[in-house]
Amino acid sequence: MHEKFLKPYNPQETEEKIYKIWEDSGYFNPDNLPERHQKPYSMVLPPPNVTGILHLGHADMLAIEDTAIRFQRMQGKKTLWLPGTDHAAIATQTKVEKLLAKEGIKKHDLGREKFLDKVNEFAMDSQKTIISQTKRMGSSLDWSRLAFTLDEQRNLAVKTAFQRMYEDGLIYRKNKVINWDPKGQTVISDDEIVYEERKTTLYTFKYSKDFPIAISTTRPETKVGDTAVAVNPNDKRYKEFVGKTFEIEDFCGVKLSIKIISDREVDPEFGTGALGVTPAHSKVDEKMALDNNLPSKEIISEYACMKNVGENLNGKKVKEAREIVIGWLKENNLMMEEKEIEHNVSTAERTSAVIEPLPKLQWFIDVNKKFKLPHSKIEGIKTSEEVCLKDLMKKVVETKEVKILPDRFNKTYFNWIDKLQDWCISRQIWYGHQIPVWYKNKDKSDEEVHVGIEAPQENSWEQDPDTLDTWFSSGLWTFSTLGWPNKTNDLELYHPTDLLETAHDILFFWVARMILMSTYLIGEIPFKTVYIHGLVRDDKNRKFSKSLGNAIDPLDIIEKYGTDALRMSLLVAVAPGQDVKFSEDKVKAYKKFSNKLWNITRFILDNTQALGEIDFDSEELRKIRSSNLQIEELEKIISDITSDMENYRFYLASEKIYHYTWHEFADKIIEESKSKLSDPNLSDGQRKETQLILLYILQNILKILHPFMPFITEEIWSELPIKNKKLLMIENWPNSN
RNA sequence: GGGCGAUUAGCUCAGUUGGUAGAGCAGCGCAUUUACACUGCGAAGGUCGGGGGUUCAAAUCCCUCAUCGCCCACCA
């Protein structure tokens with residue numbers, strides 16, 4: 001008899017076996033799906049960084065995406081869910097550098113090539129781990145199409161994209177004030193800056209006794225690089241000085257020439273209402289300097305040390321220099337006030353180093369420059385219409401051609417676009433896509449530049465040593481994974497993708513950049529719907545992190561309760577965009593649910609053995625279905641659930657299935673059937689009808705529960721006496737044909 | 001400075017277009033040679049953050065206040 005069902009459900013014995021059956025079936029690959037699967041439905045996996053192992057956040061992402069794709073597959077779509085990993089340039093390089101440091105090895109000792117070998121080795125190891133963990137989550141990804149943001153095909157895509165943007169004048173190289181990370185020794189983009197609120201002292205002083213205006217600053221050491229003082233044009237206090245230039249013979253060992261200028265940006269209420277302008281070490285000041293034709297004086301080096309200044313300061317770290325300047329000001333009775341204030345300090349996301357703005361020759365993407373879009377399938381934008389990248393990013397969300405769930409993130413998105421400035425894409429690190437630009441006579445007056453896919457033939461050319469921001473290649477992900485720039489069937493069939501599911505913290509980094517790249521390069525949106533999930537937090541509402549020591553390995557939870565239970569705990573009642581509080585009790589609850597379902601099956605199988613194999617399409621069943629109240633109710637619930645699924649309301653659908661299964665089917669329908677089936681006066685026909693209804697409801701529950709709890713449902717399905725049975729993963733969703 | 005979100009049972013959170021407040025966990029009472037103790041039945045528990053408004057009807061829509069949280073921004 002059904003011996004398997006005599007013991008409680010055992011996920012450990014089941015899950016690995018089932019995953020193998022799925023993989024062997026080939027159905028993860030849309031090319032192998034049966035005939036009825038015609039209309040494509042596609043999604044790319046947000047590629048995990050190859051820096052380590054998966055955490056609960058990944059588990060959450062995989063649970064949601066697998067649920068989405070399994071639902072669509074059962075609905076008869078030609079489903080592609082495409083896997084890959086991200087090289088995560090800075091993060092991975094930093095990680096490997098740390099590992100090597102433990103062995104006492106520095107990257108410069110190895111040299112670029114050997115170092116990169118080490119990083120690659122690490123990345124590939126990491127990828128292997130990630131893949132096996134992803135499989136444990138039950139993810140029905142098409143492994144035959146696995147991609148990596150730094151593999152050859154993706155490199156071709158990156159070079160092609162770069163070249164095209166360069167030729168359209170959207171990529172330019174310029175010397176300007178950028179965000180320099182002195183610890184990571186690289187430029188970073190505005191989005192990689194994290195502002196930290198810190199207490200700082202605001203110093204108010206004069207450059208010299210005779211100087212007419214006092215200024216306020218939190219960084220006195222930078223004032224040796226000042227070339228102007230800016231005041232608000234409406235500030236009556238200073239009006240008489242605007243336009244004049246003052247020579248200061250000695251400001252802490254440096255000769256200054258300060259012009260008084262006026263600028264609307266200056267807040268008359270702040271400090272003294274006058275701002276010392278340091279063109280080389282502040283973006284705002286740089287702009288004022290350009291507007292007023294002021295000279296720029298570089299006084300801070302890449303190592304955050306002073307340079308081009310007096311003996312007393314040269315070579316000193318900025319913090320030491322600050323003390324020296326403060327001391328000098330006090331000695332000379334120029335310091336007027338010291339005040340504690342709360343101040344935002346910009347730090348680098350990866351290294352936490354304080355950012356030093358300084359001028360550097362870098363590559364940028366111009367987001368405001370107008371160009372003619374060669375091919376457009378975008379709503380509201382015609383082919384050859386003149387647009388800028390910002391317009392493209394804005395338009396597709398405005399028209400809802402790209403729909404963001406939940407809705408409120410639209411505002412966040414537009415807010416970001418409005419403030420967006422040119423994107424600095426070059427990085428001074430080794431690991432990543434090397435910039436496809438070659439120079440002849442570099443940095444000389446007769447410098448020549450070649451931008452292209454291949455290096456020029458002659459050997460007098462040298463390639464730009466810098467690499468591209470990792471998000472440049474991630475931005476191409478929806479179509480580089482489908483074979484672009486080649487014209488492939490995959491690209492034709494699966495792009496634009498249907499769903500992009502991701503966390504809200506990379507809405508700007510990634511989602512916006514994908515929209516930029518896709519609309520620009522292929523003239524269409526990258527995806528139709530963006531589903532944003534929240535953060536997974538611990539039971540005390542804290543983020544999971546290594547430093548807090550609260551990290552949970554999803555595999556431990558899977559060992560204990562099974563993947564299905566973990567998936568349900570992350571899905572039920574968690575609305576899009578909402579943070580999930582992870583609780584082991586919740587997982588436990590769905591482990592119990594697994595067992596409930598297991599026992600429901602045992603009861604039904606034990607009580608329907610006499611029936612033999614059942615054809616659910618038979619006339620007899622059709623009759624029962626059309627006249628039975630319980631089935632009518634079931635069908636109503638299924639139709640509700642289907643609509644929830646179609647509208648990505650997994651959090652509601654899963655709860656409804658749970659509730660129906662336990663409190664309607666088990667508690668009521670099965671309970672009632674007990675007295676019926678044990679009634680000796682029951683006719684054979686009535687008995688059979690009762691049995692058939694139980695089996696019919698069970699098989700429908702398995703179907704609608706499958707996207708959420710794929711393993712246990714597939715396992716039970718394999719034991720049901722159904723005629724013409726396929727794997728549950730490709731069965732028809734009820735009420736859809 | 002600008003924007004967004006949250007506030008519902010002891011705890012964690014659902015509640016799709018306004019129509020008699022829901023789940024999980026915890027706790028209470030009862031049942032139990034039961035498909036399932038990874039169980040069933042039952043009861044208890046809420047002025048849906050405060051105040052005001054719209055409506056026949058508000059957790060849901062509008063205004064306002066409070067507390068907590070998040071994001072953005074070149075106030076030196």
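Protein chains get the first letters and strands the later ones, always in sequence-line order, with residue 1 at the start of each.
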What contact category does [X] fall into here, base, sugar-phosphate, or nothing, at under 4.0 angstrom with non-hydrogen atoms?
{"X": "A:H663", "value": "sugar-phosphate"}
{"X": "A:S216", "value": "base"}
{"X": "A:N344", "value": "base"}
{"X": "A:Y658", "value": "sugar-phosphate"}
{"X": "A:A230", "value": "nothing"}
{"X": "A:K591", "value": "base"}
{"X": "A:K287", "value": "nothing"}
{"X": "A:Y195", "value": "sugar-phosphate"}
{"X": "A:H343", "value": "sugar-phosphate"}
{"X": "A:K411", "value": "sugar-phosphate"}
{"X": "A:V572", "value": "nothing"}

Exercise. For A:F508 and B:C70, give me the distance from atom CZ to atom C1', rounded to whole Å.
Key: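 A:F508 atom CZ is separated from B:C70 atom C1' by 11 Å.
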Quiz prompt | Length of the NZ-C1' vector between A:K656 and B:G22, whole Å | solution = 13 Å
Exercise. Run the ring-centre check on A:F603 versus A:F5 and record whether the distance is less than 6.0 Å.
Key: no
Quiz item: Do A:W423 and A:F364 have ring centres separated by under 6.0 Å?
Solution: no
Quiz item: Which nucleotide, in any strand shown, forms a Watson-Crick or G-U wobble pair with B:A66, with both distances under 3.5 Å?
Solution: B:U7
Self-check item: Pairing partner (Watson-Crick or G-U wobble, both distances under 3.5 angstrom) of B:A44
Solution: none
Quiz item: If the P atom of B:A43 is compared with that of B:G29, how far apart are they to the nearest Å?
Solution: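 Going atom to atom, P in each nucleotide, I get 16 Å.
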Practice problem: Provide the distance between the two P atoms, one in B:C13 and one in B:G69, to the nearest whole Å. | Solution: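 It works out to 14 Å between them.
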How are the rings of [X] and [Y] set to each other: parallel, tilted or perpendicular (split at 30° and 60°)?
{"X": "A:W733", "Y": "A:F71", "value": "perpendicular"}
{"X": "A:F205", "Y": "A:Y207", "value": "perpendicular"}
{"X": "A:Y658", "Y": "A:H663", "value": "perpendicular"}
{"X": "A:Y648", "Y": "A:F650", "value": "perpendicular"}

Quiz prompt | Residue closer to the 5' end of RNA chain B, A:K668 versus A:G273 (nearest nucleotide) | solution =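 Closest to the 5' end, via its nearest nucleotide, is A:K668.
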Practice problem: Using heavy atoms to find the nearest nucleotide of RNA chain B for A:D640 and A:W662 separately, return the residue whose nucleotide is more 5′. | Solution: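 That would be A:D640.
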[N] phosphate, OP1 or OP2: any side-chain N/O from [X] under 4.0 angstrom?
{"X": "A:Q578", "N": "B:A14", "result": "yes"}
{"X": "A:K674", "N": "B:A35", "result": "yes"}
{"X": "A:H659", "N": "B:G22", "result": "no"}
{"X": "A:K581", "N": "B:C25", "result": "no"}

Quiz item: Has the side chain of A:E671 got a donor or acceptor atom sitting under 3.5 Å from an opposite partner on the base of B:A35?
Solution: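 Such a pair is found, so the answer is yes.
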Practice problem: Measure across A:D190 and A:Q421 and return the closest heavy-atom pair with its distance rounded to 0.1 Å. | Solution: OD2-CB, 4.2 Å
Quiz item: So which of residues 641-652 of chain A are in contact with RNA chain B, with a heavy-atom cut-off of under 4.0 Å?
Solution: A:D644, A:R649, A:Y651, A:L652
Self-check item: Distance-only polar pair, side chains of A:W416 and A:D191, donor-acceptor under 3.5 Å
Solution: yes
